[in-house]
Structures are given as C-alpha cells and as structure tokens.
Amino acid sequence: MRCLVTGGAGFIGSNLVEHLLTVKDGSKHDVVVYDNLLTGHRSNLQGFNCEFHQIDVSEELPDHGKFDWIFHQAAITDPRHGDDSETLHKNIVGFERILRLAEQHKSKLVYASTAGLYGNGPVPMKEDQPKEILTAYGESKWKMDQMATPLMGKMHIVGLRYFNVFGPRESGKGRPASMIYHLSKQMVEGKRPRIFKMGEQIRDHIYVKDCVRANLLALEGKCGVYNVGTGIGTNFNELVAALNRCWKMDLAPEYFDMPYDPKTYQSNTQAEPSLAAANLKFKAKYSLDDGILDYIPSMKKEFNLS
Ligand SMILES: NC(=O)c1ccc[n+]([C@@H]2O[C@H](COP(=O)([O-])OP(=O)(O)OC[C@H]3O[C@@H](n4cnc5c(N)ncnc54)[C@H](O)[C@@H]3O)[C@@H](O)[C@H]2O)c1
C-alpha cells in the first residue's frame, strides 16, 4: 500500500513509519512522510527507507499522487504551546486539508485525537461522556472529532484518542515527553524521581507499539472515535515503584507543588477501553512493566549507559 504519515518525523509518527516498513506478514508498503519539523526531527527517520517532505499540512498541499492509507499524526502537540490561536489554526486547518486529501483519493484515514479532551471528567473515561476542554490543544482535537464524525461511513475514518503514550523517539518532544522518560532520566542520573505532591494523580500509560497496532487495526475496524489506552490507571507513586522495579533501583520520590493552573491541569486519565475492543479488536498487549522493559534499551542508548 502507499501510505502517507503526517507528523512522521515525530514520536508516534516515526514508530508508525518503522512498523509500516518492517511488517513481517509479507505485505510491503511505500511510505511518504509530511512533517514541518516543528517538534519532529529528521534523525527520528534515520535508516528508514521512506520519502520525506518538509511540509506544513495547514498550508496548500502539493500533489504527490494517490495514497491508499493516511495516518494523520501532525499537530502542535504541546498543550502549553503558548499561542492558542496558532494551535487552533494549525491543527484544525491541517486536518481540514487532510480530510479533503483523503476524500479526493478515497484513502482510508486514521487520525490522532486525544484523551486530553476529557479534562477532569470522571474516570474511566468513556468516548461519549461530556467533554471538559482545558486547553486550546484539547479544543483543536475535539473540533477534529466533530469534523470527522459526519463523514464516517461516506469515507473510512477512524479517530484514536490516545492516552499517555511512551516509548522510543519521544525525547525530541522535550518537556511534553512522557513521565516515564523524564523520571527515568532523573533516576539514571542518580536523582530522586520528582513528582507532584502527593503522587496520587493517575495516568493511563500506553506503550507506543500498542498505539501503532491500534492505527493498523483502525484500517479494518468500524468507523468511529475510540479511546486508545490500557484501561489501567497508575498513580504517580505507583509509577515510581514500577520504574524502580524495571531499572532495579530503589529511589524514593521527591514531592513538589504542582506548578500549573489547576483549571488547565488534567489530574487523572484512565481509558474505558471496551468500545475499541468491540469495534477495532484493539486491546493493549503491553503492561506498564513490559512497556518500560521494552523501552529501556533505547533509553540506555540515549543516556549513554552500557
Ligand atoms: N504522545 C502522546 O501521549 C499523545 C497523546 C494524545 C494524542 N497524541 C497525538 O498524537 C499525535 C502524535 O503526537 P506525538 O506524541 O508523536 O508528538 P510529536 O510532537 O512528536 O509529533 C507531532 C509531529 O507533527 C509535526 N507537525 C506539527 N505541526 C505540523 C504541521 N502543521 N504540518 C506538518 N507537521 C506538523 C511535528 O513536527 C511532529 O513531528 C499528535 O496528533 C498528538 O496530538 C499524542
């Protein structure tokens, strides 16, 4: 198949590109990447035999032929980006252009939404529960879901509301990279892992390989917008314990005051995963410990550990 991965030089996008180029089921894919390199990096695609175009998807798109599958990952991904109107404009107009491209080519489209749009609503979070929009980032993704929904059925479109994704090649994101990355870095530097007081906040951590698998399953599943999480909530104290287990360390957390405005900070995330299980046949395979253990060799390389 000929695939377009927007945001393919970013964290999740580059893992998708890698998977598409190395699937072992006999299928062969040609992969084209569009990325404006805002938070993505060419080095994330090192060694991957794909076609790269430095393109901002919110601007007029060139004609690079027909795509069978489009995986739309490109977005301003930092909820604290600082320029709300830019986040809204780039994410929404970019999606509009990708929707049009998919319509024109009759491509199957899978796009990235977010669990951020549930805000501080009840957990576990269900797809149809009221949304609590805390940031322009969340607003842009909610708008994308609303744009996509009426087209479902006329076109093959699936939106994936990722929860807290972690794994190789996330470090280029800087501060918005996962807690697993940041706490691991502190721990291997011999520092105590720093978490917000009193470590009771909850996250649904999903490993990037599961996230990639959800994208592939979405090509065959029923159109809709689905949670992509494990369904398991892990609080920050439990996360530190898991990191200590996996890194074979014994470092106590160091607590500090949560520095963000509580009105824009999402305290808890935990997916209700049953809709994705029913309609996409998606169920996360990696437990928290399995994901961290699979990720450790890549972190060791990055932290220059043997
Ligand atoms: N990582 C997570 O935990 C998480 C959670 C929920 C949703 N998401 C969504 O998943 C997708 C991928 O996120 P990620 O974690 O890999 O972040 P990322 O920042 O690494 O990837 C986003 C990529 O999009 C590119 N980009 C940004 N704006 C663009 C534009 N206008 N045109 C072309 N390229 C553009 C960036 O340069 C970057 O390579 C995003 O849509 C994000 O909102 C991620």
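All ligand and atom numbering here is 1-based and tracks the order in the structure. All values below come from the heavy atoms of this structure, side chains included, with hydrogens, waters and symmetry mates left out.
- At a heavy-atom distance under 4.0 Å, no atom of P176 approaches ligand 1.
- With a heavy-atom cut-off of 4.0 Å, L37 touches ligand 1 through its backbone alone.
- R203 forms no cation-pi arrangement with F163, by the criterion of a distance under 6.0 Å to the ring centre and an angle within 45° of the ring axis.
- Using a cut-off of 4.0 Å between Lys/Arg side-chain N and Asp/Glu carboxylate O, E139 and K143 are scored as not salt-bridged.
- A search for ring pair (Phe, Tyr, Trp, His ring centres under 6.0 Å) contacts involving Y226 returns nothing, not counting sequence neighbours.
- Of all the heavy atoms of K173, the ones lying under 4.0 Å from any atom of ligand 1 belong exclusively to the side chain.
- For ligand 1 and G40, the ligand atoms under 4.0 Å from any heavy atom of the residue are 36 (C), 37 (O), 38 (C), 39 (O).
- Checked against a 3.5 angstrom limit, the closest N/O atoms of Y34 and ligand 1 fall outside it.
- Electrostatic pairing of D257 and K197 counts as a salt bridge here, judged by a charged N lying under 4.0 Å from a carboxylate O.
- Residue contact annotation: S178 has no non-hydrogen atom under 4.0 Å from ligand 1.
- At a heavy-atom distance under 4.0 Å, no atom of F166 approaches ligand 1.
- With sequence neighbours excluded, the residues satisfying side chain to side chain contact (heavy atoms under 4.5 Å, CB included) with N44 are S14, H41, R169.
- With a 4.0 Å heavy-atom cut-off, ligand 1 is reached by the backbone of I55 but not by any atom from C-beta on.
- Assignment of H72 to the shell around ligand 1 is not supported, since no heavy atom sits closer than 4.0 Å.
- For ligand 1, one of its N or O atoms has an N or O atom of N36 under 3.5 Å away.
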*Where do F95 and Y111 land on the ring-ring contact (aromatic ring centres under 6.0 Å, His included) test, with the steps shown first?*
CA-CA 9 Å; F95 188 53; Y111 71 91; 4.7 Å; yes
